[in-house]
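Notes follow once the structure below has been shown.
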Number of protein chains: 2
Amino acid sequence: MESKAAVLTLSALAQDTRLAIFRLLVTAGPAGLVVGRIGETLGVAPATLSFHLKELTHAGLITARQESRFIHYSANYAAMNELLAFLTENCCGGMPCGVASTVQANGACC
Amino acid sequence: MESKAAVLTLSALAQDTRLAIFRLLVTAGPAGLVVGRIGETLGVAPATLSFHLKELTHAGLITARQESRFIHYSANYAAMNELLAFLTENCCGGMPCGVASTVQANGACC
DNA sequence: TCCATATTTCCATTTTTATAGAAATATTGG
DNA sequence: CCAATATTTCTATAAAAATGGAAATATGGA
C-alpha cells in the first residue's frame with residue numbers, strides 16, 4: 001500500500017459518521033446492508049449518507065452491490081487489513097521488539 | 001476504545017505529513033527522534049511540524065521526552081494497537097469468518 | 001407506460017484543517 | 001547571567017470537508 005492510498009483510507013475512516021457506517025458494515029458481515037437501513041440505523045440524511053458512502057467506496061473500504069431496486073453496501077475486509085499492515089510496517093526498523101504486542105500475524109514486530 | 005477517540009486517532013493519521021512523521025517514528029523505535037531531525041528528514045517548516053506533532057501527541061499516537069535541550073518524540077505502539085483492535089472489533093457480528101484473514105491475534109475474526 | 005420508492009447529484013453555506021512567517025519561550029553550555 | 005540553539009505559540013490566510021434541502025435519476029412492480 002502506498003502512503004497516498006493510506007491517507008485516503010484513513011481520511012475515510014476519520015469521521016464520526018463514516019466510522020459508524022464502516023463499523024456497522026463490519027458487524028453486518030459480507031451480506032451488507034441497504035442504504036436506507038444504514039440511514040435509519042444511524043440517523044443520517046439521505047444526501048449526507050450518500051456523500052459518505054461515496055467517500056468510503058472511493059477509499060475502497062466498502063463495496064456496493066445492486067440487488068433489485070436496493071443497493072447493498074458491505075465492508076471490504078481486505079482493504080482494512082492492508083491498512084493495518086501498512087501502519088505497522090517496518091516497525092522498529094524491522095528489529096523484533098516486545099512493545100505492546102497484540103497484533104503479530106501480519107509480520108509486524110509490535 | 002471509544003468511537004470518539006478512534007476518530008481522533010484516525011484523524012491524526014489521515015494527513016500526509018502526520019502519517020509520514022508517525023511512520024518515521026515507528027521505524028525509529030522506542031528511542032525516537034528529535035524534532036529538528038524529523039523536520040529535516042521530511043522537509044517540514046518548524047511551525048508546521050510543531051502543529052502536527054501536537055496533533056499526534058493529543059491523539060496519543062506519539063510521546064514527547066525531554067533530554068537535554070532536545071525533545072525526542074517516539075511512537076506509542078500501544079495506541080496504534082488499540083486502534084487496530086477497534087477497527088476489527090465485532091467483525092461479522094462476532095461469527096468466525098474467512099474473509100481476507102491477515103490479522104488474527106487481536107481476537108478479530110477476519 | 002406510469003407510479004412509487006431508493007439513491008444520488010447539485011448547490012450554497014458553514015465549519016474545520018493546513019500552512020508558514022515572525023515573535024515568543026525554554027533550556028543549557030559557557 | 002548571557003548567548004546560542006531548539007521548539008512552540010501567535011496570527012493571518014488559503015484550502016478542504018461536512019451538511020442537508022431540493023431536484024434529478026434509476027429501478028421494478030402494477
Side-chain angles (χ1 to χ4, degrees), chain A residues 3-25 28 31-76, chain B residues 3-25 28 31-76:
Chain A
S3 181
K4 207 170 170 181
V7 168
L8 187 70
T9 308
L10 288 162
S11 298
L13 290 173
Q15 204 275 342
D16 284 315
T17 304
R18 284 198 297 268
L19 183 58
I21 293 171
F22 182 72
R23 301 223 320 142
L24 180 61
L25 293 180
L33 293 173
V34 299
V35 177
R37 196 82 175 71
I38 300 171
E40 72 183 13
T41 302
L42 301 178
V44 180
T48 305
L49 181 57
S50 192
F51 168 77
H52 288 308
L53 288 172
K54 196 166 71 176
E55 294 278 306
L56 286 166
T57 302
H58 184 223
L61 280 165
I62 64 176
T63 310
R65 189 183 81 247
Q66 181 118 21
E67 194 167 297
S68 169
R69 121 176 47 173
F70 301 88
I71 299 178
H72 294 247
Y73 278 92
S74 53
N76 183 349
Chain B
S3 182
K4 207 169 169 181
V7 169
L8 187 71
T9 308
L10 288 162
S11 298
L13 291 173
Q15 204 275 340
D16 283 315
T17 304
R18 285 197 298 268
L19 183 57
I21 294 170
F22 182 72
R23 301 221 323 141
L24 180 62
L25 293 179
L33 293 172
V34 300
V35 177
R37 196 80 174 69
I38 300 172
E40 74 184 12
T41 302
L42 301 178
V44 180
T48 305
L49 182 56
S50 192
F51 167 77
H52 289 307
L53 288 172
K54 197 167 73 175
E55 293 280 305
L56 286 166
T57 302
H58 184 224
L61 280 164
I62 65 177
T63 310
R65 189 183 82 247
Q66 182 118 21
E67 194 167 299
S68 169
R69 124 177 42 174
F70 299 89
I71 299 178
H72 293 247
Y73 278 92
S74 53
N76 183 348

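Chain letters run A, B, ... following the sequence lines, proteins first, then strands; residues in each count from 1.
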In whole Å, I'd like the distance from the [atom1] atom of [X] to the [atom2] atom of [N].
{"X": "His58(A)", "N": "dA18(D)", "atom1": "NE2", "atom2": "P", "value": "14 Å"}
{"X": "Leu53(A)", "N": "dA6(C)", "atom1": "CG", "atom2": "C1'", "value": "12 Å"}
{"X": "Glu67(B)", "N": "dT28(C)", "atom1": "CD", "atom2": "C1'", "value": "14 Å"}
{"X": "Arg37(B)", "N": "dT5(D)", "atom1": "CZ", "atom2": "P", "value": "19 Å"}
{"X": "Gln66(A)", "N": "dA26(D)", "atom1": "CD", "atom2": "P", "value": "11 Å"}
{"X": "Leu49(A)", "N": "dA18(D)", "atom1": "CG", "atom2": "P", "value": "14 Å"}
{"X": "Leu8(B)", "N": "dT16(C)", "atom1": "CG", "atom2": "P", "value": "14 Å"}
{"X": "Ile21(A)", "N": "dA18(D)", "atom1": "CD1", "atom2": "C1'", "value": "12 Å"}

Minimum heavy-atom distance [X]-[Y], with the two atoms named:
{"X": "Leu13(A)", "Y": "Leu10(B)", "answer": "O-CD1, 3.5 Å"}
{"X": "Leu33(B)", "Y": "Ala28(B)", "answer": "CG-CB, 3.9 Å"}
{"X": "Ala12(A)", "Y": "Glu55(A)", "answer": "CB-O, 4.2 Å"}
{"X": "His52(A)", "Y": "Thr17(A)", "answer": "CD2-CG2, 3.6 Å"}
{"X": "Phe22(A)", "Y": "Leu61(A)", "answer": "CE1-O, 3.5 Å"}
{"X": "Leu49(B)", "Y": "Val44(B)", "answer": "N-CG1, 3.6 Å"}

Legend entry - N/O (side chain, Arg18(B)) to phosphate O (OP1/OP2, dA18(C)) under 4.0 Å: yes
Inset, instruction - Examine dT8(D): is either OP1 or OP2 under 4.0 Å from a nitrogen or oxygen in the side chain of Tyr73(B)? Give yes or no. - result: yes
Inset, instruction - Just call it for Ser11(B): base, sugar-phosphate, or nothing, with non-hydrogen atoms closer than 4.0 Å on any strand. - result: nothing
Inset, instruction - Please work out if Ser50(A) contacts a base, only the sugar-phosphate, or nothing of the nucleic acid, heavy-atom cut-off 4.0 Å. - result: base
Inset, instruction - Please step through side chain to side chain contact (heavy atoms under 4.5 Å, CB included) for the pair Ser50(A) and Val35(A), ending with a clear verdict. - result: CA-CA 8 Å; Ser50(A) 192; Val35(A) 177; over 6 Å; no
Inset, instruction - When you get a sec, tell me which of dT27(C), dT8(D), dG28(D) is the closest nucleotide to the side chain of Arg69(A)? - result: dG28(D)
Inset, instruction - Spell out protein contact along nucleotides 19-25 of chain C as letters: B when the base is contacted, S when just the sugar-phosphate is, - when no protein heavy atom is under 4.0 Å; keep the 5' to 3' order. - result: BBBB---
Inset, instruction - Please tell me which of Lys54(B) and Phe70(B) maps to the more 5' nucleotide of DNA chain D, matching each residue to the nucleotide holding its nearest heavy atom. - result: Phe70(B)
